[in-house]
Amino acid sequence: MSQLSLQYSPWLVAVCLLVALGYSYLLYQTKRPWGKVLNGLLAGLRFVAVFVICFLLLGPFFNQVKNKVEKPTMVVVVDDSESMVLSKDSARVRAFGAQLESFVSKLENQGFSVEKKTLDGSIQDFDSLSFQSQSSNLSAILRETGESFDQRNLGGLVLVSDGIFNQGMSPAFATYNYPVYTLGVGDSIEQKDVNLKSLRHNKVAFVGNTFPIVAEVSHVGFGGKELEAKLFENGKLLTNNRLVLNGARGVEQIRFMVEAKEKGIFRYEVALTPLEGEMTEGNNKRGAYVKVVESKEQVLLVAPAPHPDIKAIRSIVERTDRYELVVQLLSAPKKLPEEKYGLVIFHQLPATRGRGKEIVQKYLNGKTSVLFMVGSQSDLNALEQMDVPLQIDQRLSQTDEVLPAFNANFDKFIMDKEALKVFEVAPPVKVPFGDYHLKGNAEVLAYQQLGSVTTKKPLMAFSEIRGKKVGVIVGEGFWRWRMFEFMEKGDARGFDGLMTKYLQLVASRSDQRHLIAEPSTQEFWDYQPVGFRLKTLNDIFEPVYNVEVKVAIKDAKGNVQQFSMVTAQGADVYKLKSLAEGAYTFVATATIAGKKYVDKGSFVISASNLEEMDLTANHRLLRALAKQTGGFFESVNDYEAFDKRFEAMKPQGVIHSTEARMELIHLRWIFFFLLLLATMEWAMRKANGGY
């Protein structure tokens, strides 16, 4: 659909006509050596040419509206996890691909555009499903589908699944703006089974200590039966326990106490002796790895008096396996122990009237990392004279109430942005009102947000001074953040995670290595790729890139696998292939400026067995998901009914209109038309004695 419009008033078209008519009349009114007919024809050609040129000066253009009909897309997702074929109707599930392909063809003939996917991504043919995925994250595929089809015509999503998920949140807890049609696979009736659901244990233990390993056993249909559980260390039987199962169904605990005799990485496995009539024996074993180290690193906290923020810090430190907190109050003076600390925290020290100044200066002059927590009792004038990365010029003892605005460019560790959103509505902390000045190479983790305004005043910062880390946290009342998050979410994962990483950053010693190779985490699942963080530094510890790093990874049996990676600017984690379960050591080598450097370390690959932990299909979840999104649920046993309900659907296309403006002066054929008129007029004049 097109409509002709002008940039100027349409009344000017009459002016164009008068100009063209007047010009051609004046040019051809005198007597010519040709006849009247030819003279009229020549005048007509000149009239048309002049009118077209004048009309183009008015800026004529076409508004073109194009309509495009977008067919609705139906996304068909098949849960390709192992649990789908561990049920008794596994043969039917494996053969179901052909029916799904026929279902897809019907949808396409019906007018739908179809996308085929598994939980891990797209797939070309449902006949090629292998059902080998080691995890099930139903909420992720539903969320990603909604995001990828934003502003597009999504007709709905067909989910073929047993409803069992072992990663991510329950899909029933989220909202979706499209219908979900669920086809339930598997048996939703609980079968007789004993299931070793989890092992609870410390990831780190200390030489000479005794630590617990607790096995959680879920059972159905074996009430009154006696169960034997064996504990193995690196394949050697350590001990066994017996347990009488109570009731027709329930969850029991079996506790083992293990003595850590020497340092190293040890694999512990709990195995349940199978009972007659179990649905499967694949979920009767679970393994765990424990790293045994010499001793905990101590953290000293010195404060002028008790404070709720100290309790919050204690709860954070005590939940880690690496640190042990020692608290010393100036109000209860005693000689500080002489142990070497990994970190010293000064809570509101130096305090008013210079209290505690000597203690602060003692550790500032040493090599221990220090962290200052600035509050209402802090002596800011005394703090200004010290080698601290932040200077605060307070005005008249006034305070502000602020929230954190986290620095998006901070790259010393990865922040969980979703978990930190709770602080956007948390109670504010009180900070000194005044001017803030960063010193040296200080980096900011969080700025102060006053109301809706993000200031440039640091709330959390740190720096490296004379080869050690010095951190600063401004404000008091952080304990309210932890309490608020706990009340809102039932845990303090965001606050504890942030503060733990920050404390570890400040406590970590300055790294003087030229080659830094470390796994992205100390424990990977056997279905995950192994990630390495690599850094190559020159003699003045500046990053250099395009350096080849060779990594040799050795398993417990002595088998070695070689990998080669090249450092690149902007790269964070370099991913290798997934490895089998076991404890691994690695040696990384690189040549930088002609010198060879080596770094070493270890990590653990744990067997997930996630898909064997729960084999009872959750059709209740699939029904709830379909109901709340406006879809429907059917069992795979009623596939024909499912198919017929789709046959009754009428796809609704969406019309997308686009409007384009096209100016006539840019049309090439108009130029050639004017050229033709001029050429014809000139040729006829020339042929008849004109000039």
Side-chain angles (χ1 to χ4, degrees), residues 80-83 86 119-120 130-137 140 166-168 196-205 211 213-216 230-236 238 256 258 260 262-271 282-293 321-322 414 516-534 549-565 572-589 599-614:
D80 61 337
S81 59
E82 277 188 339
S83 65
L86 291 178
L119 294 185
D120 295 330
S130 60
F131 298 100
Q132 294 180 349
S133 180
Q134 297 295 307
S135 62
S136 304
N137 191 337
N166 43 49
Q167 284 195 340
L196 181 49
K197 294 185 71 70
S198 67
L199 290 183
R200 290 166 41 204
H201 62 94
N202 295 331
K203 292 185 178 181
V204 178
F211 61 92
I213 295 179
V214 180
E216 290 192 343
K230 298 178 181 179
L231 176 66
F232 298 85
E233 180 186 75
N234 291 341
K236 180 182 177 181
L238 277 186
F256 300 93
V258 183
E262 57 182 321
K263 68 178 183 179
I265 298 177
F266 297 88
R267 184 181 190 276
Y268 295 94
E269 182 181 80
V270 176
N283 53 16
N284 283 27
K285 293 181 181 180
R286 280 192 78 85
Y289 288 88
V290 176
K291 186 175 184 179
V292 179
V293 297
D321 297 321
R322 180 176 174 182
I414 299 174
I516 301 174
E518 54 190 21
S520 55
T521 180
Q522 287 300 309
E523 183 176 9
F524 299 92
W525 293 114
D526 54 4
Y527 62 85
Q528 290 179 314
V530 177
F532 268 88
R533 292 191 178 96
L534 300 177
V549 180
K550 296 181 179 179
V551 180
I553 299 178
K554 181 190 293 187
D555 63 19
K557 296 179 181 179
N559 301 316
V560 178
Q561 299 185 60
Q562 300 282 349
F563 299 91
S564 179
M565 294 160 278
D572 181 19
V573 177
Y574 300 79
K575 292 185 178 181
L576 311 179
K577 67 178 184 179
S578 56
L579 299 173
E581 179 196 10
Y584 292 82
T585 59
F586 68 88
V587 177
T589 58
D599 199 10
K600 301 178 180 180
S602 62
F603 60 90
V604 165
I605 306 292
S606 295
S608 61
N609 296 330
L610 293 176
E611 291 300 308
E612 296 180 357
M613 291 300 103
D614 188 358

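Predicted model, so just to flag it, every value in this text is computed and none were measured.
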Query raised in the report: Considering residues at least two apart in sequence or located in another chain, which fulfil the side-chain contact (heavy atoms from CB on, under 4.5 Å) criterion with A288?
Result: L199, H201
Query raised in the report: What's the spacing between I516 CD1 and L534 CG if we round to 0.5 Å?
Result: 10.0 Å
Query raised in the report: Is the ring centre of F532 less than 6.0 Å from the ring centre of Y574?
Result: no
Requested in this report: Answer whether the closest heavy-atom distance between the side chains of F586 and P519 falls below 4.5 Å.
Outcome: yes
Query raised in the report: Under 4.5 Å between any side-chain heavy atoms of N284 and L196, yes or no?
Result: no
Report summary line: Residues F524 and P529: closest non-hydrogen pair is CD2-O, 3.9 Å
**Report entry** Any donor-acceptor N/O pair, D599 side chain to A517 backbone, under 3.5 Å
**Finding:** yes
**Report entry** N/O donor-acceptor pair under 3.5 Å between R200 side chain and V214 backbone
**Finding:** no
Report task. With side-chain hydrogen bond (donor to acceptor under 3.5 Å, both in side chains) as the test, would you mind laying out the steps for K554 and Q561 before giving the verdict? Result -> CA-CA 7 Å; K554 181 190 293 187; Q561 299 185 60; over 6 Å; no
Query raised in the report: Is there side-chain contact between D555 and I605, with heavy atoms separated by less than 4.5 Å?
Result: no
Query raised in the report: Just wondering, do K291 and F266 contact through their side chains at under 4.5 Å, heavy atoms?
Result: no
Report summary line: Taking every heavy atom of G287 against every heavy atom of R267, the minimum-distance pair comes out as CA-NH2, 3.8 Å
Query raised in the report: Tell me, do V290 and V258 make a side-chain contact under 4.5 Å, heavy atoms counted?
Result: no
Query raised in the report: side chain to side chain contact (heavy atoms under 4.5 Å, CB included) between M565 and L576: does it pass, once the steps are laid out?
Result: CA-CA 9 Å; M565 294 160 278; L576 311 179; 3.7 Å; yes
Report task. Would you check, one step at a time, whether the test side chain to side chain contact (heavy atoms under 4.5 Å, CB included) holds for D80 with L119? Result -> CA-CA 7 Å; D80 61 337; L119 294 185; 4.0 Å; yes
Report task. Could you walk me through whether K577 and V530 pass side chain to side chain contact (heavy atoms under 4.5 Å, CB included), step by step? Result -> CA-CA 6 Å; K577 67 178 184 179; V530 177; over 6 Å; no
Query raised in the report: Are the side chains of E581 and Y289 in touch, meaning some heavy atoms are under 4.5 Å apart?
Result: yes
Requested in this report: Quick one: list whatever passes side-chain contact (heavy atoms from CB on, under 4.5 Å) with K236, sequence neighbours left out.
Outcome: none
Report task. Would you indicate whether the side-chain heavy atoms of E269 and R286 approach each other to under 4.5 Å? Result -> no
Query raised in the report: Hey, do the aromatic rings of F256 and Y268 have their centres closer than 6.0 Å?
Result: no
Query raised in the report: Do the non-hydrogen side-chain atoms of V604 and I265 ever get within less than 4.5 Å of each other?
Result: yes
Query raised in the report: Can you check side chain to side chain contact (heavy atoms under 4.5 Å, CB included) on L579 and Y584, steps first, answer last?
Result: CA-CA 10 Å; L579 299 173; Y584 292 82; 3.8 Å; yes
